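As the structure is a computational prediction, the values presented were derived from the model and not from experiment.
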Amino acid sequence: MRAFAFCLCAVVLSLFPSWRPALAASVPPSEKPANRVPGPMVIPQAWPGGDTLPAGLFAIMNHVSLAHYKPYRHSSPYTMRVKTPAGKMKVGPRSGEQFVDVLKLRYAFTDRLEIRTATPFVNLDLKNHNANGSWKGGLGDTTMMLRYGLKKRTDDSPFSVALDLGVTLPTGEVGDQSKYLATNAFSVVMGGGVSWVDYNQRVDFDGRYAAYTEGAHGIKPGDFALFHGHYSYALSRNFDMGLEAFYRIEQQSSVHGKGQRNAFSEAYVGPKIQIKVPELSYLMVGAAVLFPAYRHYDDMRLSTDTRWEFSVLVAF
C-alpha cells in the first residue's frame, strides 16, 4: 500500500537549531557530546512541542500512516446486525485497510514566527459483511497554522515555549458522501507547546483545540482537543530512540443540526526510532508503532490495535 512512499514529519524540524555549529562549539567536549540533540515526535498529528525554526528555513515533509481497522463500539469489537425475515443479518464494515499520506510545508519568517500547512490524502479500503467491498477517501481539508515562539531555547535554559493559531481550509473532496471523507468545513485551531532539551534527552508536550463550522451536506464535524507527549534519547549524533503518545477527545458531529451521538476519546502510545543526517539537507527518517492505551466510542467507529507511522523530512 505504497509503504515505500516518502513521508515527512513537520514536528521533527524543531531539532534544527540545535544542530547549528555555534551551539555544538559551546559544549565542552569533556563534559557533553556535541550534536547529539534528539529529534521530536514522529506521529503525524503532532506539532513541534515548543520550538520554532531558524529564520528563512523551509521544509517539505510527507508522512505515511498504515493501519488495519476493525469496527469498535465503546471499547470492544462490534458487529452491526439488522432484523430480516430470515433472522438477524450482519451488515456494515467487517474490517479495513487504511493508508494516509500527509503533505506538510513549513517556513520561518523570523526566529520566532513561522507558518505551516498540512494536507492529508486518505485511502480506506473496507471489507463488508456482504460480498462487496467499498472505498472511501480522497484529498482532505488543509490546516494552516501560524506559530509564535514565546521563549527560545538557549545554552542557559533548556526550555522553549510557543503558541499556535490557525484555520482549517475547505480543500477536500466532498462529492459522493459514500466515497469522500472531507466535509469542507472551516475550523479555528488554537494551541501551543513546550519542549525541554538537554543534549542527549528531549521531552515535548503540545496540544490544540479545533472548533468547526457547518460544512458540505449539512455536516458539522465534532470539535476536538488533541494532546501529545514525547520522550527521546540520542544514542548517537545520527540515531534516536524514544516513546510517543497522543490523546484525542472529540465531540459528536451533527447533520443539519441533529447530533449523531458519535463522540469518542482515545489514547495511543508506542516506541519510535529516528535517523538524522544533517549534512543531506537536514534529512531525517523516522518510524513509530502505536498501540491503544484507552479508547471509548459512543457509536460504531473503525479503530485499530496497531498504527505504523513513517516519516521523511528535508529542509533548505
Side-chain angles (χ1 to χ4, degrees), residues 8-29 31-43 45-61 104-118 143-166 189-209 226-234 237-238 240 242 244 274 276 278-279 281-284 286 311 313-316:
L8 311 155
C9 181
V11 297
V12 296
L13 268 171
S14 51
L15 167 64
F16 293 163
S18 306
W19 280 344
R20 290 179 171 267
L23 179 57
S26 68
V27 183
E31 295 181 12
K32 293 182 179 180
N35 293 321
R36 286 188 62 179
V37 177
M41 289 172 277
V42 171
I43 54 180
Q45 308 98 324
W47 297 132
D51 277 345
T52 53
L53 303 182
L57 195 65
F58 174 70
I60 303 173
M61 297 143 280
K104 296 186 177 183
L105 304 175
R106 193 173 177 190
Y107 178 75
F109 298 108
T110 70
D111 283 340
R112 290 183 179 270
L113 181 64
E114 65 180 59
I115 188 171
R116 62 181 181 269
T117 67
T143 300
M144 180 178 294
M145 301 287 294
L146 286 174
R147 160 161 285 217
Y148 181 75
L150 294 177
K151 180 185 181 303
K152 299 286 289 185
R153 189 169 67 248
T154 66
D155 292 351
D156 298 324
S157 175
F159 292 97
S160 59
V161 182
L163 294 179
D164 299 302
L165 180 63
V189 187
M190 299 168 288
V194 59
S195 294
W196 173 85
V197 178
D198 187 24
Y199 297 96
N200 62 344
Q201 295 188 86
R202 180 186 188 106
V203 177
D204 295 283
F205 290 102
D206 63 42
R208 64 185 182 271
Y209 180 84
L226 182 59
F227 305 95
H228 305 97
H230 166 268
Y231 172 79
S232 186
Y233 185 89
R237 180 173 183 265
N238 300 110
D240 304 339
E244 308 201 353
Q274 197 164 42
K276 307 166 297 186
E279 299 83 1
S281 298
Y282 295 110
L283 173 67
M284 292 188 188
S311 63
L313 171 152
V314 292
F316 307 93

Does any non-hydrogen side-chain atom of L283 lie less than 4.5 Å from one of L313? no

Non-neighbouring partners of Y148 that pass side chain to side chain donor-acceptor pair (under 3.5 Å), sequence neighbours left out: none

Considering only heavy atoms from C-beta outward, does the side chain of P38 approach that of Y233 to under 4.5 Å? no

Might you point out which heavy atoms bring H228 and D206 nearest each other, and give the distance in Å? ND1-OD1, 2.7 Å

Evaluate D240 against M284 for side-chain contact (heavy atoms from CB on, under 4.5 Å), listing each step before the verdict. CA-CA 11 Å; D240 304 339; M284 292 188 188; over 6 Å; no

Any side-chain to backbone donor/acceptor pair from D111 onto P54? Under 3.5 Å, distance only. no

Partner residues of V189 under the side-chain contact (heavy atoms from CB on, under 4.5 Å) criterion, sequence neighbours left out: M145, T168, S187, R208, A210

Sequence neighbours excluded, which residues qualify as ring pair (Phe, Tyr, Trp, His ring centres under 6.0 Å) partners of Y209? none

Run the side chain to side chain donor-acceptor pair (under 3.5 Å) test against E244 and tell me which residues pass, sequence neighbours left out. none

With sequence neighbours left out, write down each residue that passes side chain to side chain donor-acceptor pair (under 3.5 Å) with S160, or none if nothing qualifies. D51

Between CG on residue L150 and CZ on residue R112, distance to nearest 0.5 Å: 8.0 Å

Taking only residues two or more places apart in sequence, or in another chain, which ones meet F205 in a side-chain contact (heavy atoms from CB on, under 4.5 Å)? V194, V203

Considering only heavy atoms from C-beta outward, does the side chain of Q201 approach that of Y231 to under 4.5 Å? yes

Pairwise distance CG(D198) to CZ(R153) - rounded to 0.5 angstrom: 10.5 Å

Work out which heavy atom in L57 is nearest to a heavy atom in F316; give both atom names and the distance. CD1-O, 3.3 Å

Only counting residues at least two apart or in another chain, list the ones meeting ring pair (Phe, Tyr, Trp, His ring centres under 6.0 Å) with F109. Y107

Of R147, R106, K152, which is the lone residue that meets side-chain hydrogen bond (donor to acceptor under 3.5 Å, both in side chains) with T52? K152

Does a side-chain heavy-atom distance below 4.5 Å link R202 with S195? yes

Where is the tightest heavy-atom contact between K104 and A118, given as atom of each residue plus distance? CG-CB, 4.0 Å

Interatomic distance, CG@L165 vs CG@L146, rounded to 0.5 Å, equals 7.0 Å

